[in-house]
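Structure first, then comments.
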Amino acid sequence: MTNKDPKQNQRRQNTLLVRGGTRRSGHKETSEAIFLTSGFVYDSAEEAEARFKGEVEGYLYGRYANPTNTMLEQRLAALEGGGGVCRLAASGMAAVNAALMASVKAGDHIVAGKALFSSCRYIIETLLPKYGVEFTLVTGSNTQEWADAVKPNTKVFFAETPANPTLEVTDIKAISEIAHNAGARLILDNVFATPLLQKPFELGADVVVYSLTKHCDGQGRVLAGAIIGDEKWVTEELDPYLRHTGPAMSPFVAWVVLKGMETLSLRVDRMCDNAARLADLIGSHPAASFVRYPSRDDHPQKALAMSQMKKGGTIIAFEVKGGQEGAFKFLNGLEIVDISNNLGDAKSLATHPATTTHRSLEVAAQLELGVTPGLIRLSVGIEDIDDLLEDVKAALDGAL
Ligand SMILES: Cc1ncc(COP(=O)(O)O)c(C=O)c1O
């Protein structure tokens with residue numbers, strides 16, 4: 001497995017997306033090869049022993065590593081910058097779970113933003129406490145709350161920014177400083193911003209997690225996740241957890257995501273441009289009581305969002321007047337945009353968080369997060385903007 005470019009993983013972003021991590025077999029294939037194998041063989045018993053001892057380099061078993069997966073890991077690590085090392089997982093949730101499990105033990109304490117994807121909240125609020133890990137939930141946008149929540153046993157800060165579904169923004173630099181002063185590690189879920197729009201390591205994060213299911217595949221095909229952190233933590237804490245518990249990504253899935261990465265910046269650029277236009281339409285429509293989009297002047301944290309992100313992103317949150325009835329009228333009036341709970345896709349997708357993604361939260365907890373009965377999360381795709389504007393306008397008109 002070789003690559004002719006000695007600076008392959010130090011190229012600029014758009015080159016990394018297409019070529020980062022690529023290694024060719026002796027056949028010199030153009031596209032990255034899929035090594036659909038669960039195991040590897042050795043020429044002799046001595047070689048097997050030497051490989052297991054780590055004296056000779058080489059793959060051992062699919063649960064640990066695979067050449068197709070290595071290509072994706074290197075592409076993602078190079079793209080993220082900061083000299084980190086990447087590991088893959090079978091889904092975004094497998095990645096979040098592994099990053100947390102590799103960072104805490106019984107008796108430790110986690111501080112996390114309240115506005116998290118509901119499965120992330122389940123791990124922090126329900127699962128980890130069963131194993132003796134305490135938590136405090138804070139308002140992600142209130143830096144003082146993060147500082148006030150620190151305890152002597154705080155080991156992890158976990159944040160998602162912009163947060164799902166309300167697009168609340170957390171000051172990554174400020175909370176990373178608080179975490180570091182407390183001897184804790186900041187794990188950042190960077191899904192909404194994508195690896196292109198926000199660079200968490202530059203802002204002080206220690207570990208970055210992704211659901212690659214979202215923008216990186218971005219074409220609705222596979223579930224996939226990734227964790228990127230410093231080499232010492234990855235090899236000493238994360239690798240043993242992954243190897244022994246086995247949330248491994250299939251090499252086929254790794255290949256699909258490698259192909260998705262090639263078009264990531266083309267898709268994300270178009271999605272952001274389309275989202276900004278749609279946010280303006282929704283913001284001026286009488287059926288919407290408010291719209292949240294990070295680069296709009298009426299986003300309460302526009303300045304912070306734009307200091308952390310290169311563009312406003314691909315997701316819009318807005319409230320349809322008339323509560324759930326108004327929101328459902330809007331959703332049922334859409335002809336192009338699909339009703340779906342996924343996001344980051346080439347196809348525009350609309351979600352009613354209160355009855356789907358955030359259904360498991362008590363109503364009071366939903367309202368505290370801003371998940372009102374009329375709230376819609378719109379993940380904007382790459383369709384023609386005029387078709388999207390017509391579709392969303394007609395659905396809003398119908399909700400009046
Ligand atoms: C912010 C965020 N993190 C994590 C996940 C989990 O990813 P996956 O569905 O790939 O497990 C999702 C969505 O599902 C998400 O929106």
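Just so you know, ligand 1 is whichever comes first in the structure, and atom 1 is the first atom listed for that ligand.
- Using 4.0 Å as the threshold, Val96 has no heavy atom nearer than that to any atom of ligand 1.
- For ligand 1, the atoms lying closer than 4.0 Å to a non-hydrogen atom of Glu160 are 1 (C).
- The residue from Asp189, Asn97, Leu116 that puts a heavy atom closest to atom 2 (C) of ligand 1 is Asp189.
- You'll find the ring centres of His352 and Phe328 inside the 6.0 Å limit.
- In this structure, the protein non-hydrogen atom closest to atom 12 (C) of ligand 1 is Phe117 CD2, 3.6 Å.
- Close contacts of ligand 1 with Ser91, meaning ligand atoms under 4.0 Å from a residue heavy atom, involve 10 (O), 11 (O).
- The nearest protein atom to atom 14 (O) of ligand 1, hydrogens excluded, is given as Lys214 NZ, 2.8 Å; this is a heavy-atom distance.
- Of the protein's heavy atoms, Thr213 OG1, 2.6 Å lies nearest to atom 10 (O) of ligand 1.
- Here the protein heavy atom with the shortest distance to atom 16 (O) of ligand 1 is Asn164 ND2, 3.2 Å.
- Between Met101 atom CE and Leu127 atom CG the span is 6.5 Å, to the nearest 0.5 Å.
- Of the charged side-chain nitrogens involved, at least one lies within less than 4.0 Å of a carboxylate oxygen, so that Arg221 and Asp217 count as a salt-bridged pair.
- Closest of all the heavy-atom pairs between Ala112 and Leu116 is CB-CD1, 4.2 Å.
- For atom 8 (P) of ligand 1, the closest heavy atom belonging to the protein is Gly92 N, 3.4 Å.
- Between Tyr122 and Phe117, the ring centre distance reaches or exceeds 6.0 Å.
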Step-by-step side-chain hydrogen bond (donor to acceptor under 3.5 Å, both in side chains) determination, Arg63 to Ser38: CA-CA 8 Å; Arg63 181 152 34 79; Ser38 52; over 6 Å; no
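- Considering every non-hydrogen atom in both Phe192 and His215, the closest pair reads O-CE1, 4.1 Å.
- Close contacts of ligand 1 with Met93, meaning ligand atoms under 4.0 Å from a residue heavy atom, involve 6 (C), 7 (O), 8 (P), 11 (O).
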